[in-house]
Structure formats: C-alpha cells, structure tokens
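All chains are named by letter (A, B, ...) in the order of the sequence lines, taking the proteins before the strands, and each is independently numbered beginning at 1.
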Number of protein chains: 2
Amino acid sequence: MRDGRLTIGQMSRETGCKVQTIRYYEQIGLLPEPERSSGNQRLYSNRDRDRLAFIRHARELGFPLDAIRELLKLADHPSQPCEAADAIAAAQLEAVEIRIARLQSLKQELERMLAHRHGGKIADCRVIEVLADHSKCSADDHVAPS
Amino acid sequence: MRDGRLTIGQMSRETGCKVQTIRYYEQIGLLPEPERSSGNQRLYSNRDRDRLAFIRHARELGFPLDAIRELLKLADHPSQPCEAADAIAAAQLEAVEIRIARLQSLKQELERMLAHRHGGKIADCRVIEVLADHSKCSADDHVAPS
DNA sequence: TGTAACCTCTACAGTGGCTGTAGCTTCATG
DNA sequence: CATGAAGCTACAGCCACTGTAGAGGTTACA
C-alpha cells in the first residue's frame with residue numbers, strides 16, 4: 001500500500017465511516033467503484049477519501065442521501081452558480097426546523113403527562129389516561145413521530 | 001355491521017390509522033386477532049378501537065412500538081403501581097430532549113453555512129466548502145443524524 | 001336480479017440508511 | 001509457514017410502515 005492508496009479499513013478509520021457503510025455507498029452509487037489490488041481488495045485514492053468525508057459530514061448534518069448525491073454533483077462543477085447548493089442547504093434547514101418544532105410540542109405533551117405523577121396505581125395513572133383518551137391531550141397537531 | 005362491530009375501514013376512519021397499518025399491528029401482535037365475518041373480513045369491537053387509538057396516540061408522541069407494547073400491558077393491569085408507565089414516559093421525554101438538542105446544533109451549523117451566501121460560483125460556495133472540510137465546521141459533536 | 005363501485009383479503013416487495021452474519025480469501029507479521 | 005486481522009461477497013434484519021397485485025366480498029341503485 002504505498003502512497004495515495006488506502007484500504008477500506010484505512011478509509012474507515014480516517015473518516016469514521018464503517019467499512020460496511022463504505023461498501024454500501026459504493027453499491028448505491030455515491031462512491032465510485034475503486035481500483036482493486038491483485039487480491040481483489042479495494043484501493044482508494046485521497047480524492048475518494050475526501051468524497052467520503054464530504055458524504056459523512058453531510059450525513060452528520062442530516063442531509064438525506066439523495067440531497068448528498070445532488071451536492072456531490074454540484075461540487076464536481078465548481079464553475080457553476082451555487083444557488084442550487086444553497087437551496088439544498090436551505091431545504092435541509094427548513095426540514096430541521098420543522099422537526100425541532102414538532103419535537104418541542106411532543107416534549108411539552110410528555111412533560112404535562114409527567115407533571116401529574118403521583119406514585120399511585122395504573123388506574124389513576126395520568127400517562128396511561130392521556131394515551132387512552134386523546135381529548136385529554138392539549139396539543140392536537142402532532143403528526144408523524146419525526 | 002350492527003352495533004359494536006367495526007370493519008377495518010371504519011377503524012381506520014375513526015382512529016386515523018391506515019388500513020394496512022392496522023393489519024400490520026395485528027401481525028406484530030399489538031392488536032389481537034379480531035373476529036371474522038362469514039366472508040372472512042375483520043370485525044372489531046369498540047374495545048379494539050380504543051386500543052388502536054391508544055397505540056396511535058402513543059405513536060404520535062413518538063413512543064416506539066416496543067414501549068407501546070409495555071404501556072398496553074400496564075394499561076391492562078389497572079391495580080398495579082404506575083411507576084413503570086411513568087418511567088417509560090420519562091425515557092421517551094429524555095429521548096425527545098436529546099433529539100431536540102442534536103437538531104438544534106445541526107440547525108446552527110446549517111444557519112452558519114447559509115449566512116455566507118453570496119450568489120457566486122460553486123468554487124466559492126460556503127455550503128460545499130464546509131461540507132468538504134470538516135475543520136471549517138464549528139460544532140464537532142454531532143453524531144448520527146437523529 | 002344485475003352490475004358497478006367500492007371494500008377487504010393475502011402475500012410480498014420496497015422505503016432509508018445502514019448493520020450484522022456466514023463463510024470464504026487475502027494480507028501482514030513473527 | 002502459521003496465525004490472526006482484515007477483506008471479500010451475498011444476504012438477512014432493523015423500524016415502522018407503505019405500496020402493489022390479484023383475488024374475493026359487500027353495498028347501492030336501477
């Protein structure tokens with residue numbers, strides 16, 4: 001393994017991405033098929049490693065893989081305007097804000113449920129009661145559990 | 001369908017739970033196998049409907065199905081102490097709080113990325129740049145994308 | 001009674017984003 | 001040359017559904 005060629009394990013260590021996940025990214029076309037050694041093992045370039053780091057970082061920021069695919073395409077065309085990339089990031093920001101708002105209303109509801117704790121029997125348990133009877137639940141607008 | 005017996009479609013309408021999802025809940029043992037009509041169609045009781053409403057409400061609050069299974073078991077034993085139910089709700093609250101915190105740090109990062117928007121080329125695009133180079137990212141501690 | 005429209009049935013595949021497993025082969029080190 | 005770590009492929013499983021196909025059941029109205 002001389003300079004500039006990384007095994008999949010080295011890629012994994014350098015990016016914090018699991019080996020299986022790297023192979024998975026290759027399988028779904030996010031990473032190119034790398035060279036192989038004479039013994040059929042994957043050999044990556046530094047460029048591949050940077051691409052993987054990009055993907056990982058975007059995943060950490062919650063971008064879905066499809067958005068990352070777009071971003072990678074854009075990153076490969078540096079002379080084009082960056083509005084599209086900004087738009088993807090803006091969409092992601094909006095998605096995150098929506099999820100935060102939703103989770104905050106769930107949080108309030110759970111806090112209300114727990115505020116009535118009294119150490120009694122299930123029969124008088126506020127938690128069970130609220131779950132059983134939606135009308136006891138103040139916020140009515142939470143949808144899917146993000 | 002006289003009194004007290006609901007078709008799966010009526011169940012769906014009354015609880016807001018999709019027909020397939022009801023069958024799925026039966027399959028994984030969250031809902032009991034209901035009676036069948038002479039034509040092999042499911043016939044539910046009001047009790048079944050209440051149980052499904054309980055499940056849906058708990059799902060809306062983000063409880064995982066395993067937790068709901070526990071809660072249902074508890075709800076079936078009203079004379080037992082409700083500490084276990086409270087504990088499940090408390091765990092769920094904590095999980096929600098963790099997810100909110102994580103999403104908030106993601107939100108900040110995305111806002112920082114977007115604050116540098118300038119309408120130029122990809123080559124100077126802050127979004128792409130930050131994704132490509134983790135060191136340009138201030139918060140370093142976000143883990144899995146919630 | 002006919003028939004059209006709708007509902008329900010089973011069984012299975014697909015979603016997203018991985019993760020884990022089994023059973024191999026290859027590689028690096030002593 | 002032997003051992004153990006790392007790599008290979010192929011596939012199953014996770015969560016919580018959702019969608020589809022193709023069959024059969026039920027209901028409303030003429």
Side-chain angles (χ1 to χ4, degrees), chain A residues 1-2 5-31 33-44 48 52 55-72 92 95 99 102 142-146, chain B residues 1-2 5-31 33-44 48 52 55-72 92 95 99 102 142-146:
Chain A
M1 274 345 77
R2 49 188 138 344
R5 294 294 135 184
L6 304 143
T7 66
I8 199 166
Q10 287 169 323
M11 285 278 274
S12 173
R13 259 166 271 129
E14 293 199 16
T15 62
C17 183
K18 295 204 171 183
V19 166
Q20 289 111 307
T21 307
I22 299 174
R23 288 197 281 247
Y24 169 72
Y25 288 161
E26 176 184 331
Q27 189 188 308
I28 62 168
L30 265 193
L31 284 177
E33 292 184 25
E35 268 187 79
R36 297 287 184 132
S37 73
S38 56
N40 198 35
Q41 302 199 342
R42 288 170 177 80
L43 292 180
Y44 292 96
D48 291 332
L52 179 55
I55 295 169
R56 283 319 294 174
H57 193 190
R59 283 296 298 133
E60 281 163 13
L61 289 169
F63 287 91
L65 292 180
D66 272 359
I68 296 174
R69 216 183 284 274
E70 277 308 300
L71 289 168
L72 283 166
Q92 174 60 14
R99 291 169 77 189
R102 189 174 290 165
H142 15 260
V143 194
S146 99
Chain B
M1 279 341 83
R2 48 193 141 344
R5 294 294 134 183
L6 303 140
T7 65
I8 200 168
Q10 287 168 325
M11 285 278 274
S12 172
R13 259 167 271 129
E14 292 198 14
T15 62
C17 183
K18 295 206 174 184
V19 165
Q20 289 110 307
T21 307
I22 299 173
R23 288 197 280 249
Y24 168 71
Y25 287 160
E26 177 184 329
Q27 189 187 307
I28 63 168
L30 266 192
L31 284 177
E33 294 184 24
E35 272 188 77
R36 298 287 183 133
S37 73
S38 56
N40 197 35
Q41 302 197 346
R42 289 169 177 82
L43 292 181
Y44 293 96
D48 292 331
L52 178 56
I55 296 170
R56 282 321 294 172
H57 194 191
R59 284 295 298 134
E60 281 164 12
L61 288 168
F63 288 90
L65 292 182
D66 272 359
I68 296 174
R69 217 182 282 275
E70 277 308 302
L71 289 168
L72 282 167
Q92 174 60 14
R99 291 169 76 187
R102 189 174 289 166
H142 15 259
V143 194
S146 98

In whole angstrom, give the distance that lies between atom [atom1] of [X] and atom [atom2] of [N].
X	N	atom1	atom2	value
B:Arg56	D:dA16	CZ	P	11 Å
A:Gln20	C:dA22	CD	P	13 Å
A:Leu31	C:dC18	CG	P	11 Å
A:Leu6	C:dC27	CG	P	17 Å
B:Ile68	D:dC15	CD1	P	13 Å
B:Arg13	C:dC7	CZ	C1'	9 Å
B:Glu33	C:dC9	CD	P	12 Å
A:Ile55	C:dC18	CD1	C1'	14 Å

Phosphate-side-chain proximity, [X] and [N], N/O vs OP1/OP2 below 4.0 Å:
X	N	result
A:Lys18	C:dG17	no
B:Ser37	D:dG25	no
B:Thr7	D:dT26	no
A:Tyr25	C:dC18	yes

[X] has a side chain; which of [options] sits nearest to it?
X	options	answer
A:Val19	C:dT19, D:dT18, D:dG7	D:dG7
A:Arg42	D:dT9, C:dC27, D:dC17	D:dT9
A:Asn40	C:dC27, D:dC8, C:dT10	D:dC8
A:Gln41	D:dT26, C:dC27, D:dT18	C:dC27
B:Tyr24	C:dG17, D:dG25, D:dC17	D:dC17
B:Arg23	D:dA16, C:dC9, D:dG7	C:dC9

*asked:* What verdict does the side-chain contact (heavy atoms from CB on, under 4.5 Å) test give for A:Leu30 and A:Tyr24, after you've listed the backbone C-alpha separation in whole Å, the side-chain angles of each residue and the deciding distance to 0.1 Å?
replied: CA-CA 9 Å; A:Leu30 265 193; A:Tyr24 169 72; over 6 Å; no

_Criterion salt bridge (charged side-chain N to carboxylate O under 4.0 Å, His left out) against B:Arg42, the qualifying member of B:Glu26, B:Glu33, B:Glu35_ =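 Testing each of B:Glu26, B:Glu33, B:Glu35 against B:Arg42, the sole residue satisfying salt bridge (charged side-chain N to carboxylate O under 4.0 Å, His left out) is B:Glu26.
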
*On DNA chain D, nearest-nucleotide positions of B:Asp66 versus B:Ser38: which is more 5'?*
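Closer to the 5' end of DNA chain D: B:Asp66.
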
*How is A:Arg36 classified with respect to the nucleic acid when contacts are heavy atoms under 4.0 Å: base, sugar-phosphate, or nothing?*
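Touches sugar-phosphate only.
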
*asked:* Just so I know, are the side chains of B:Arg56 and B:Tyr25 near enough to count as touching, which here means a heavy-atom distance under 4.5 Å?
replied: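 Heavy-atom side-chain distance check passes, below 4.5 Å.
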
*Kindly compute the distance separating CD1 (A:Ile22) from CG (A:Leu6), expressed to the nearest 0.5 Å.*
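If I round to the nearest 0.5 Å, the distance is 9.5 Å.
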
*Atom CD1 in B:Ile55, atom NE2 in B:His57: separation rounded to 0.5 Å?*
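Rounded to the nearest 0.5 Å, the CD1-NE2 separation comes out at 13.0 Å.
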
*Heavy-atom donor-acceptor pair, A:Gln92 side chain to A:Gly62 backbone, under 3.5 Å*: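 Yes, because the side chain of A:Gln92 sits within donor-acceptor range (under 3.5 Å) of the backbone of A:Gly62.
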
*Comparing B:Gly9 and A:Gly39 on DNA chain C - which has the more 5′ nearest nucleotide*: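 Going by which nucleotide is closer to the 5' end, it is B:Gly9.
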
